[in-house]
Amino acid sequence: MIKTTIGNISQQENQEVVIEGWLYNKRSSGKIQFLQLRDGTGFIQGVAVKNEVSSEVFNLCKELTQESAIRVFGIVRKDDRAPSGYELTITNLELVSLAMKYPISLKEHGIEFLMDHRHLWLRSKRQHAILKVRAAIGRYAREFLDNRGFTHIDSPIITSSAPEDSGSLFEVDYFGEKAYLAQTGQLYAEAAAMAFGSVYTFGPTFRAEKSKTRRHLNEFWMLEPEVCYLDHEGSLKLQEDLIEYIVQNVIKSCTLELKTLGRDIKELEIIKAPFPRITYDKAVEMLKENGMEIEWGEDFGAPHEIYLSEQFNGLPVFVTHYPKDCKAFYMEPDPDRPDTVKCADLLYPGFGEIIGGSERIHDLDILLQRIQEENLPMEVYDWYADLRKYGTVPHSGFGLGLERMTICITGVDHIREAIPFARTLNRITP
RNA sequence: UCCUCAGUAGCUCAAUGGUGGAGCAACCGGCUGUUAACCGGUAGGUUACUGGUUCGAGUCCAGUCUGAGGAGCCA
């Protein structure tokens, strides 16, 4: 008798094993019961035949309710009728706990109902697959950077200042003083980069925007690499290598999950560096040629980004050198085009922006001038300006949205399914 | 914040201004290969809330609440 998991079941063919899990679903005839089991690592069907098990076990099968916790003993059989290729011929069954009437059936449900039951919805096949992919993305992102000698630095979540002049910060009380939940770890990453060379932060960020779209969360996870002595072009190379590494490894390790999600693998296999690059100027030109309304100097809306993202044979595209008025104060102006900055957004086909990044201003005077131009409170950026006083160097960084990356790889249509417990405009529970 | 739409059984949805129904889930029974199994039966309702029009309102009108889709903001 071997204790095993469904994920490893192929190694136990024709052996008697025990699986500890839950009843996902059940179908029965008078003398045969099909138990759909799950244990967190996968799904498998257990078959109990009346003549081949004790009457106690067969009757217990009949009593089982959806999501009851059970310990299932059986022999692993290869079976072409099974979606995963394997079945379990049940020999014995232990009830760990009988589930009460389970609210989520396998039929259709509305999104409000499902989000109200998110704590249970996580158990369903599709949600399970999405979150396995999300975990893999985070794992490969860290692996890629760790392999390149990056140091993982945690930036604070409670901060005293607003890095960008927006009213999009969640306010918290900090011993009687106003503080805010971080909407980026970038400024801290820049400080750490000057100490460690290449760093990244990876943590939750918060935006108090009353966004109501399939692309926005009020709490989301962001990977923010920051590298000293790295210019704009070097940053783009790092970004495309990172995306390629994540996508190609997820294809390999999450085959079953992507199949569950009905994802077309071919669309993912072609995601390999280098990615095409166009300037903002060129992008505006393309949009105008397509008859879309846009004037130079305006930032792109969702329809613009989607259109641009789909013009490059299924590859993500870098849009570089935006007008400086569209972008954050800390971005390095392009000496050849001082009205633009050395930045890039990476637009994923059919989705839009998944990365935003730039070379940072490293010159103290230019930084102070930009802070002034944007009417930002100078005292807030005191320590940030310090980084330009003591051995300043050119450096670049970017932010990758974990949930957006998850959408692009899984193909799910709404970002609330790309995070375990979404925080959105109308939802803070469960 | 703006625009659009919706709210009826636990869930997903029907119901011309005229006796509120079905499928699934639950419960009882049947079936030895089911893949959201199937078949028969039972039970299940303050039609989101408040007010109005009407002989009569789930249905029409006004307001409120809740949610969804889209826009803006961005990762």
Side-chain angles (χ1 to χ4, degrees), chain A residues 24-36 43-52 58 62-63 65-67 77 79-84 87 89 99-117 121 124-126 164-169 183-186 202-224 239 298-305 322 326-328 345-348 351-357 397-408 413-416 418-419 424-427:
Chain A
Y24 187 68
N25 192 20
K26 183 175 70 172
R27 296 182 202 89
S28 66
S29 293
K31 290 169 185 159
I32 186 167
Q33 305 250 356
F34 302 100
L35 307 187
Q36 315 297 324
F43 296 80
I44 194 170
Q45 174 165 273
V47 183
V49 178
K50 192 170 188 178
N51 297 334
E52 298 171 14
F58 196 77
K62 282 200 213 166
E63 301 296 313
T65 52
Q66 190 185 358
E67 286 302 320
R77 306 273 191 217
D79 193 314
D80 292 338
R81 288 170 294 193
S84 66
E87 266 188 4
T89 301
M100 298 168 76
K101 186 178 165 184
Y102 194 64
I104 301 181
S105 73
L106 297 178
K107 295 276 181 178
E108 283 176 71
H109 294 286
I111 191 63
E112 184 184 4
F113 177 83
L114 289 170
M115 288 304 287
D116 281 344
H117 295 85
W121 192 23
S124 74
K125 260 183 192 163
R126 190 177 160 78
E164 296 169 42
D165 73 317
S166 69
S168 63
L169 294 160
Q183 59 171 1
T184 170
Q186 183 202 315
F202 193 17
T205 50
F206 307 87
R207 304 277 164 98
E209 297 283 356
K210 294 193 172 177
S211 301
K212 202 168 153 28
T213 80
R214 67 184 63 196
R215 300 180 306 281
H216 291 86
L217 288 167
N218 293 300
E219 177 182 293
F220 65 95
W221 284 64
M222 189 155 58
L223 177 78
E224 295 181 281
Q239 292 174 43
E298 290 172 359
D299 206 352
F300 299 137
H304 302 121
E305 283 191 2
Y322 281 69
C326 292
K327 292 289 177 183
D345 285 357
L346 183 63
L347 309 183
Y348 197 93
F351 179 81
E353 184 178 356
I354 55 168
I355 288 180
F398 58 93
L400 169 68
L402 175 60
E403 291 77 20
R404 287 188 172 183
M405 192 71 219
T406 304
I407 287 181
C408 294
D413 64 351
H414 202 295
I415 200 163
R416 67 187 155 215
I419 188 167
T424 56
L425 183 55
N426 296 311
R427 180 165 301 279

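Order of the sequence lines sets the chain letters (A, B, ...), proteins ahead of strands, with each chain counted from 1. Keep in mind that the numbers below use all heavy atoms, side chains included, and drop hydrogens, waters and symmetry copies.
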Could you let me know what [N] is paired to, Watson-Crick or G-U wobble, both distances under 3.5 Å, or none if it's on its own?
N	result
B:A43	none
B:U53	none
B:G72	none
B:A15	none
B:U66	B:A6

When we call it a touch if two heavy atoms are under 4.0 Å apart, what does [X] touch: a base, just sugar-phosphate, or nothing?
X	value
A:A302	sugar-phosphate
A:R416	sugar-phosphate
A:H109	sugar-phosphate
A:I104	nothing
A:D345	nothing
A:H414	sugar-phosphate
A:T205	nothing
A:Q66	nothing
A:L400	nothing
A:K50	nothing
A:S28	base
A:F113	sugar-phosphate

Considering heavy-atom distances to RNA chain B, does A:S211 or A:G110 have its closest nucleotide positioned more toward the 5' end?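 First, find each residue's nearest nucleotide; the 5'-ward one identifies A:G110.
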Pick the closest RNA chain B nucleotide for A:E112 and for A:D79 by heavy atoms, then say which residue is nearer the 5' end.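 It is A:D79, whose closest nucleotide lies nearer the 5' terminus.
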Atom pair distance, as rounded to whole Å: [atom1] in [X] and [atom2] in [N]:
X	N	atom1	atom2	answer
A:H304	B:C74	NE2	C1'	16 Å
A:K107	B:A9	NZ	C1'	17 Å
A:F58	B:C31	CZ	P	10 Å
A:D116	B:G67	CG	P	9 Å
A:R207	B:G72	CZ	P	16 Å
A:L106	B:G10	CG	P	20 Å
A:L425	B:C73	CG	P	17 Å

Which whole number of Å gives the distance between the [atom1] atom of [N] and that of [M]?
N	M	atom1	result
B:U42	B:C61	P	39 Å
B:U16	B:U12	C1'	24 Å
B:C2	B:C24	P	43 Å

Do any N or O atoms from the side chain of A:R404 and from the backbone of A:E353 form a donor-acceptor pair under 3.5 angstrom?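 It does hold such a pair.
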Can you check whether any acceptor in the base of [N] is under 3.5 Å from a donor in the side chain of [X], or vice versa?
X	N	result
A:R27	B:C31	no
A:Q45	B:U34	yes
A:N51	B:U32	yes

Tell me whether the rings of A:F113 and A:H109 are parallel (<30°), tilted (30 to 60°) or perpendicular (>60°).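 Ring orientation, 0 to 90° scale: parallel.
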With a 4.5 Å limit on heavy-atom distance, are the side chains of A:W121 and A:I104 in contact?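 A:W121 reaches A:I104 side chain to side chain.
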Do we see A:F34 stacking on the base of B:G33, given a limit of 5.5 Å between centres and 30° between planes?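 Check failed, A:F34 does not stack on base of B:G33.
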Check this for me: does any side-chain nitrogen of one of A:R77 and A:D79 sit under 4.0 Å from a carboxylate oxygen of the other?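 The answer is no: the pair does not qualify as a salt bridge.
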